[in-house]
Protein chains: 2
Amino acid sequence: MPLAAGQARQLLKALADPIRIQVVEALGGGERCVCELTAELGLAQSKLSFHLKVMKEAGLIEAREEGRWTYYHLQPELLGQLGAWLASLACQASRIPALTCGSS
Amino acid sequence: MPLAAGQARQLLKALADPIRIQVVEALGGGERCVCELTAELGLAQSKLSFHLKVMKEAGLIEAREEGRWTYYHLQPELLGQLGAWLASLACQASRIPALTCGSS
DNA sequence: CTTTCTAATCAATTAACTTTGATCTGTTTG
DNA sequence: CAAACAGATCAAAGTTAATTGATTAGAAAG
């Protein structure tokens with residue numbers, strides 16, 4: 001059982017936003033501090049901070065404080081579990097063997 | 001390249017709702033008509049209709065009309081692609097080999 | 001052809017989420 | 001310790017999404 005529906009919902013909501021997708025993709029390249037993210041994505045500090053909070057509360061990302069900087073990184077387990085949850089739904093709806101239905 | 005970020009966003013938004021997750025799970029068990037879904041989920045007809053529309057516009061589900069009934073079913077390809085997109089993000093963030101990173 | 005049934009749509013309300021600018025806290029530097 | 005910096009937080013405003021009840025359209029049955 002990969003993930004409860006309630007937690008899946010919170011993760012999906014935390015991902016279902018263009019800015020937050022950009023953040024996830026940026027963090028896919030490795031840990032970033034907030035100042036790097038504001039520069040890379042061209043966002044106001046407080047706006048980014050809001051979105052980081054939503055993502056952190058969903059468990060999608062984690063913060064690491066170092067001096068006066070805060071570094072964020074993806075929390076890959078939950079992302080993977082969400083992917084598996086979706087893949088298993090897709091598999092229920094069609095028996096395409098390439099999709100690793102509910103196994104592992 | 002599993003899925004564009006923009007389409008992923010629309011799919012995620014279409015999934016990020018408790019009612020719509022219930023619908024997806026119900027449709028995971030196979031095609032259902034609207035009247036069955038209203039009964040199973042205990043929803044007002046117009047409320048369900050609204051959510052079905054959101055999901056259909058995202059490409060998550062498809063409708064099939066038959067007489068005076070409309071049957072809905074999952075569109076497994078997009079679900080699978082979304083799962084793959086998430087899994088590849090998870091893989092970027094950690095080299096857990098069990099997650100089929102970007103392959104196939 | 002009128003009634004009934006399924007389901008979509010619409011307008012109005014309500015609720016949820018985002019953005020913005022300001023302020024506040026903690027950290028480093030001079 | 002004062003100034004500068006990184007970030008979080010907050011309240012107000014703006015925007016988007018969801019709920020509700022009523023209406024509408026098409027299909028089947030009487």
Side-chain angles (χ1 to χ4, degrees), chain A residues 5-27 30-75 82, chain B residues 5-27 30-75 82:
Chain A
Q7 197 175 7
R9 194 208 107 262
Q10 195 184 12
L11 284 170
L12 290 165
K13 202 164 61 179
L15 275 168
D17 177 276
I19 289 178
R20 299 200 282 261
I21 288 180
Q22 285 186 294
V23 170
V24 165
E25 289 184 326
L27 295 183
E31 198 178 57
R32 294 276 187 291
C33 74
V34 176
C35 55
E36 290 170 317
L37 288 172
T38 52
E40 276 184 38
L41 308 181
L43 296 174
Q45 182 268 317
S46 103
K47 189 173 181 173
L48 177 59
S49 196
F50 165 77
H51 289 288
L52 289 171
K53 187 184 181 187
V54 172
M55 297 170 82
K56 193 171 69 177
E57 283 174 353
L60 206 56
I61 59 176
E62 279 174 346
R64 179 178 69 81
E65 299 190 10
E66 183 178 325
R68 45 180 168 180
W69 295 279
T70 306
Y71 290 87
Y72 282 91
H73 58 92
L74 288 179
Q75 216 276 277
L82 185 59
Chain B
Q7 198 176 5
R9 192 208 108 261
Q10 194 184 13
L11 283 170
L12 289 165
K13 202 164 63 179
L15 274 168
D17 177 277
I19 289 178
R20 299 201 282 262
I21 288 179
Q22 285 186 293
V23 171
V24 165
E25 289 183 327
L27 295 184
E31 197 179 56
R32 294 277 188 289
C33 75
V34 176
C35 57
E36 289 170 318
L37 288 172
T38 52
E40 275 183 38
L41 307 182
L43 296 174
Q45 182 267 318
S46 102
K47 189 172 182 173
L48 177 60
S49 196
F50 166 78
H51 289 288
L52 290 172
K53 188 184 180 188
V54 172
M55 298 170 83
K56 193 172 68 176
E57 284 174 352
L60 207 57
I61 60 176
E62 279 174 347
R64 178 179 69 82
E65 300 191 9
E66 183 179 326
R68 44 182 168 178
W69 295 278
T70 305
Y71 291 87
Y72 282 92
H73 58 93
L74 289 179
Q75 216 277 276
L82 185 60

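Below, read A as the first sequence line, B as the second, and so on, with proteins coming before strands; counting in each chain starts at 1.
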Engineer: CD1 of B:I61 versus C1' of C:dA8: gap in Å, rounded?
Structural biologist: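 Interatomic distance, CD1 of B:I61 to C1' of C:dA8: 13 Å.
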Engineer: B:F50 side chain: which of D:dT19, D:dT9, D:dA4 is closest?
Structural biologist: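 Ranking D:dT19, D:dT9, D:dA4 by closest atom to the B:F50 side chain puts D:dT19 first.
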Engineer: Using a 4.0 Å heavy-atom cut-off, does B:T70 contact any base of the nucleic acid, only the sugar-phosphate backbone, or nothing at all?
Structural biologist: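 Counting heavy atoms under 4.0 Å across all strands, the contact made by B:T70 is with sugar-phosphate only.
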Engineer: Atom CZ of B:R32 to atom P of C:dA7: distance rounded to whole Å?
Structural biologist: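 Nearest whole value for this atom pair: 14 Å.
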Engineer: So which nucleotide from D:dA27, D:dT9, C:dA8 ends up closest to the side chain of B:V34?
Structural biologist: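 Among the listed nucleotides, the one closest to the side chain of B:V34 is C:dA8.
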Engineer: Does the pair A:V23 and A:M55 meet the rule for a side chain to side chain contact (heavy atoms under 4.5 Å, CB included), with working shown?
Structural biologist: CA-CA 9 Å; A:V23 170; A:M55 297 170 82; 3.8 Å; yes
Engineer: Please check if the side chain of A:R64 supplies one atom and the backbone of A:Y71 the other of a donor-acceptor pair under 3.5 Å.
Structural biologist: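 Answer holds: no.
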Engineer: When you check the phosphate oxygens OP1 and OP2 of D:dT20, does a side-chain N or O of B:K47 lie under 4.0 Å from one of them?
Structural biologist: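 For B:K47, the contact criterion (side-chain N or O under 4.0 Å from OP1 or OP2 of D:dT20) is met.
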Engineer: For D:dT20, does either OP1 or OP2 sit under 4.0 Å from a side-chain N or O belonging to B:S46?
Structural biologist: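 B:S46 to D:dT20 OP1/OP2: no side-chain N or O under 4.0 Å.
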Engineer: Measure from the side-chain N and O atoms of B:E36 to the backbone N and O of B:C33, and report whether any donor-acceptor pair falls under 3.5 Å.
Structural biologist: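 Flag set: sc B:E36 to bb B:C33 pair under 3.5 Å.
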Engineer: When you match A:G67 and A:K13 each to their closest nucleotide on DNA chain C, which lands nearer the 5' end?
Structural biologist: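 So the residue in question is A:K13.
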Engineer: Taking CG from A:L48 and P from D:dT9, how many angstroms apart are they, rounded to a whole number?
Structural biologist: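 To the nearest whole Å, that distance equals 13 Å.
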Engineer: Can you figure out which of C:dT6, C:dT18, C:dT9 approaches the side chain of A:D17 most closely?
Structural biologist: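 Of the options given, the side chain of A:D17 lies nearest C:dT18.
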Engineer: Rounded off to whole Å, could you give me the CZ-to-C1' distance for the B:R68 and C:dT6 pair?
Structural biologist: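 Whole-Å distance recorded here is 7 Å.
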Engineer: Would you find a donor on one side and an acceptor on the other, under 3.5 Å apart, between the side chain of A:R32 and the backbone of A:L27?
Structural biologist: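 No, A:R32 side chain to A:L27 backbone: no donor-acceptor pair under 3.5 Å.
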Engineer: Expressed as a whole number of angstroms, how long is the span from B:L43:CG to C:dA8:C1'?
Structural biologist: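 Distance check: B:L43 CG to C:dA8 C1' gives 16 Å.
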Engineer: So, OP1 or OP2 of C:dT18: does either fall under 4.0 Å of a side-chain N or O from A:R20?
Structural biologist: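 The answer is yes; a side-chain N or O of A:R20 sits under 4.0 Å from OP1 or OP2.
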Engineer: Can you identify which nucleotide, out of D:dT19, C:dT18, D:dA8, has its nearest atom closest to the B:H51 side chain?
Structural biologist: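 Side chain of B:H51 sits closest to D:dT19.
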Engineer: Between A:Q45 and A:A16, which residue's closest nucleotide on DNA chain C lies nearer the 5′ terminus?
Structural biologist: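 Whichever sits nearer the 5' end wins; that is A:A16.
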Engineer: So B:K56, base contact, sugar-phosphate only, or nothing? Heavy-atom distance under 4.0 Å.
Structural biologist: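 No contact.
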Engineer: Could you tell me whether A:Y72 contacts a base, only the sugar-phosphate backbone, or nothing, with contacts defined as non-hydrogen atoms closer than 4.0 Å?
Structural biologist: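 The answer is sugar-phosphate, as A:Y72 gets under 4.0 Å only of primed atoms, P, OP1 or OP2.
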Engineer: Expressed in angstrom and rounded to an integer, what is the separation of B:Q10 atom CD from D:dT16 atom C1'?
Structural biologist: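 Going from B:Q10 (CD) to D:dT16 (C1'), I get 15 Å.
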Engineer: Roughly how many Å is it from CG in B:L37 to C1' in C:dT6, rounded to a whole number?
Structural biologist: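 The distance from CG of B:L37 to C1' of C:dT6 comes to 13 Å, rounded to the nearest Å.
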Engineer: Using whole Å, what does the distance between atom C1' of nucleotide D:dT15 and atom CD1 of A:I19 come to?
Structural biologist: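 The answer, rounded to whole Å, is 13 Å.
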Engineer: So, for A:Q45 and A:T38, which heavy atoms are closest and what is the spacing to 0.1 Å?
Structural biologist: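 Nearest pair, atom of A:Q45 first, then A:T38: CA-CG2, 4.0 Å.
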